[in-house]
Amino acid sequence: IDFKTTMANAEFPSIFLNASGVNCMTVTEMDEMINAACTGGVVTKSATPQQREGNPQPRYYQLEHGSINSMGLPNEGFPYYLDYVTKEHAKPTILSVAGLKMSDNIELLHKIQASDYTGLTELNLSCPNVIGKPQVAYDFEETDALLAEIFSFYTKPLGVKLPPYFDLVHFDQMATILNKYPLTHINTVNSVGNGLWIDIDTEKVVIKPKQGFGGLGGTMILPTALANVRAFRQRLNPSIKIIGTGGVTSGADVFMHLLCGADMVSVGTALLHEGVGIFQRLTDELTTIMAEKGYTSIEDFRGKVQDF
Ligand SMILES: O=C(O)c1[nH]c(=O)[nH]c(=O)c1Cl
């Protein structure tokens, strides 16, 4: 079975990507993603205008059923990633960008618009760990204003990375805004913001930044991720594709994201834990499930989750 798919002008040889932030900080990591078996390409770490050290360590911690992080947007800086994605690669790239303020986002997109890069870009509206900054995507007016400004000049393929929402009315409000713009895709979900974990031996929180508050990922957020993928698939124009992210550790999890309507699936916590070999495993497990059910193509079941 071939798992190739197309988004905007890019042909991905597989539906699998890394979640931005994992295995995508450096050229070495991004090349490893592209050269790995069963990957569709690579999503860069969200780039800020200048290089950033990020938050003090420990800033990532693996839990029994997932992860917690408050990285603080460490990255090599926008020029580094623009240079990488503008080069030729065997598979497509998605350039992730994250401004620390509105003007940063506008400035970064003007630079991409003016550059030779013709691939996909993903605007991260959902970083939960920039201290003192609320997530843009939880401010509907700001999101609407930002997208209106961007699409007044930006003509290249653009998607947005969204945080999870937890209220059906919020799905309605956000989808109404997103449907106004010619987005290539949304990527949902980013980590579940500001969780907390404690080591009871030391009675201390497990990460240093933000008094231990950090974004949650991994198995424990899969139900939230599935709900967000389904809710947006039901509400968004079919022209807006969906990268399903959150909680994927097995072929069954991939199958559920696809049933909810995802076009591609990205993996973060489990990729960090297992390495790029996970993509062959997910491919094999999904293939087995499809064979057992008599499906020969993802289109046989994508978006066809049934109500009870
Ligand atoms: O702290 C981070 O770098 C970070 N961590 C996340 O879990 N999601 C994001 O979008 C970002 Cl930008």
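Residue numbers start at 1 and run along the sequence shown. When a ligand or atom number is given, it counts from 1 through the structure's own listing order.
Residue S70 places no N or O, backbone or side chain, under 3.5 Å from any N or O of ligand 1. In terms of polar-atom proximity, G215 is not counted as a contact of ligand 1, lacking any N or O under 3.5 Å from an N or O of the ligand. Inclusion of S46 in the set of residues having an N or O under 3.5 Å from an N or O of ligand 1 is not warranted. Polar contact check, L73 against ligand 1: a nitrogen or oxygen pair lies under 3.5 Å apart.
The shortest heavy-atom contact between P49 and P79 is O-CD, 3.7 Å.
Residue H89 qualifies as enclosed at atom NE2: its count of foreign heavy atoms under 6.0 Å is above 12. Annotation: K180, atom NZ; neighbour count of heavy atoms from other residues, nucleotides and ligands within 6.0 Å is above 12. Heavy atoms from other residues, nucleotides or ligands lying under 6.0 Å from CD of Q234 number more than 12.
Remark: ligand 1 atoms within the under-4.0 Å shell around heavy atoms of M71 are 1 (O), 2 (C), 3 (O). Less than 4.0 angstrom separates some heavy atom of N190 from each of these atoms of ligand 1: 6 (C), 7 (O), 8 (N), 9 (C), 10 (O).
Residue contacts with ligand 1: G72 is included, with a non-hydrogen atom under 4.0 Å away. Using a 4.0 Å heavy-atom cutoff, K45 is listed among the residues neighbouring ligand 1.
Comparing heavy-atom distances from atom 12 (Cl) of ligand 1 across P209, S191, C127 singles out C127 as nearest.
Between the side chains of N35 and K91, no donor-acceptor pair is found at a separation under 3.5 Å.
Salt bridge absent: R281 and D284 never bring a charged side-chain N and a carboxylate O closer than 4.0 Å.
Using a 4.5 Å cut-off on side-chain heavy atoms (C-beta onward), V97 and Y81 make no contact.
Counting heavy atoms under 4.0 Å from ligand 1, residue N69 touches it through the side chain alone.
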